[in-house]
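Here's the structure we're looking at; comments come further down.
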Amino acid sequence: MKKLVQTLPRRERQIMDVLYKLERATVAEVLARMPGKPHYSTVRAQLRVLEEKGHTQHEEYGLRYVYVPTVPRDIARRSALRHLVDTFFEGSAENVVAALLGGHGSRISREELNRIARMITQDRRENSE
């Protein structure tokens, strides 16, 4: 699969974030939820670019275009995470976990740690069979 998220500039990623949250949206609906309040024509042009890149498609409802993401959110999420891990953590999941656990700024709750431990245990079981 081609690279997905890492090819998107910041503003295009923000637009995709809005589309994933709303699942489908007009330019005006995307614009209303954008940080920094870009111009309508800018958002419309960026949605057209995202469509050309294959990240969105539009449906026509009267005079309005309604945009929907074409890349499933879980695939986009994995692509973004892979890019983050490769770029900032030398491709190492261990380095990611160490960064999350380390220091005074750690925001992982005991409940989250327990759920992560259960996921690791489950993964070990599944991969040892």
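Counting from 1, the numbers follow the sequence of the chain as shown. Below, all heavy atoms of this structure are taken into account, side chains as well, without hydrogens, waters or symmetry copies.
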Could you pull out all residues at least two apart from [X] that satisfy side chain to side chain donor-acceptor pair (under 3.5 Å)?
X: R11; answer: Q14
X: Q122; answer: E126
X: Q57; answer: none
X: N114; answer: none

Can you name the residues that form a salt bridge (Lys or Arg N to Asp or Glu O under 4.0 Å) with [X], not counting sequence neighbours?
X: R78; result: D74
X: R82; result: D86
X: E59; result: R24

Self-check item: Closest non-hydrogen atom pair, E23 against V68
Solution: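 Closest approach of E23 to V68: O-CG1, 3.7 Å.
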Quiz item: Considering all heavy atoms of both residues, which atom of Y65 and which atom of E60 are nearest to each other, and what is their separation?
Solution: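 So the two residues come closest at CE1-CG, 3.3 Å.
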Quiz item: Should the heavy atoms of other residues, nucleotides or ligands under 6.0 Å from OH of Y20 be counted, would the total exceed 12?
Solution: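 Yes, enclosed.
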Self-check item: Test side chain to side chain contact (heavy atoms under 4.5 Å, CB included) applied to V49 - qualifying residues, sequence neighbours left out
Solution: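 E12, K53.
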Exercise. With sequence neighbours left out, write down each residue that passes side chain to side chain contact (heavy atoms under 4.5 Å, CB included) with E111, or none if nothing qualifies.
Key: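 Only S109, R115 meet the side chain to side chain contact (heavy atoms under 4.5 Å, CB included) criterion with E111.
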Quiz item: Applying the side chain to side chain contact (heavy atoms under 4.5 Å, CB included) test to L50, which of V71, T70, T56 qualifies?
Solution: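 So, applying the side chain to side chain contact (heavy atoms under 4.5 Å, CB included) to L50 and each of V71, T70, T56, only T56 qualifies.
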Applying a strict under-4.5 Å side-chain criterion to I, L, V, M, F, W and Y, I'd like to know whether [X] and [Y] cluster together.
X: L101; Y: L84; value: yes
X: V66; Y: V27; value: no
X: V97; Y: I120; value: no
X: L113; Y: V96; value: yes

Self-check item: S128 side chain to R125 backbone, donor-acceptor under 3.5 Å
Solution: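 A pair under 3.5 Å: yes.
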Quiz prompt | S79 side chain vs I75 backbone, donor-acceptor pair below 3.5 Å | solution =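 Such a contact is absent between S79 side chain and I75 backbone.
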Spacing of [atom1] belonging to [X] relative to [atom2] belonging to [Y], to within rounding of 0.5 Å:
X: T26; Y: R64; atom1: OG1; atom2: CZ; result: 5.5 Å
X: L22; Y: Y67; atom1: CG; atom2: OH; result: 15.0 Å
X: H55; Y: L8; atom1: NE2; atom2: CG; result: 4.0 Å
X: D123; Y: R118; atom1: CG; atom2: CZ; result: 15.0 Å

Mind listing the side-chain donor-acceptor pairs of residues 32-45 below 3.5 Å, one per line with the distance, residues two or more places apart or on another chain?
unit_1	atom_1	unit_2	atom_2	d
R33	NH1	E29	O	3.1
K37	NZ	A32	O	2.9
K37	NZ	M34	O	3.4

Exercise. Any pair with a residue in residues 90-102 that passes side chain to side chain donor-acceptor pair (under 3.5 Å), sequence neighbours left out, goes on the list, sorted by first then second residue, please.
Key: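 Matches after skipping sequence neighbours: E90-N95.
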Quiz item: Mind checking who shares a hydrophobic cluster with L63, ILVMFWY linked at side-chain heavy-atom distances under 4.5 Å?
Solution: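 Noted: L63 shares its cluster with no other residue.
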Self-check item: Steps toward side-chain contact (heavy atoms from CB on, under 4.5 Å) verdict (L19, L47)
Solution: CA-CA 10 Å; L19 285 176; L47 279 162; 3.9 Å; yes
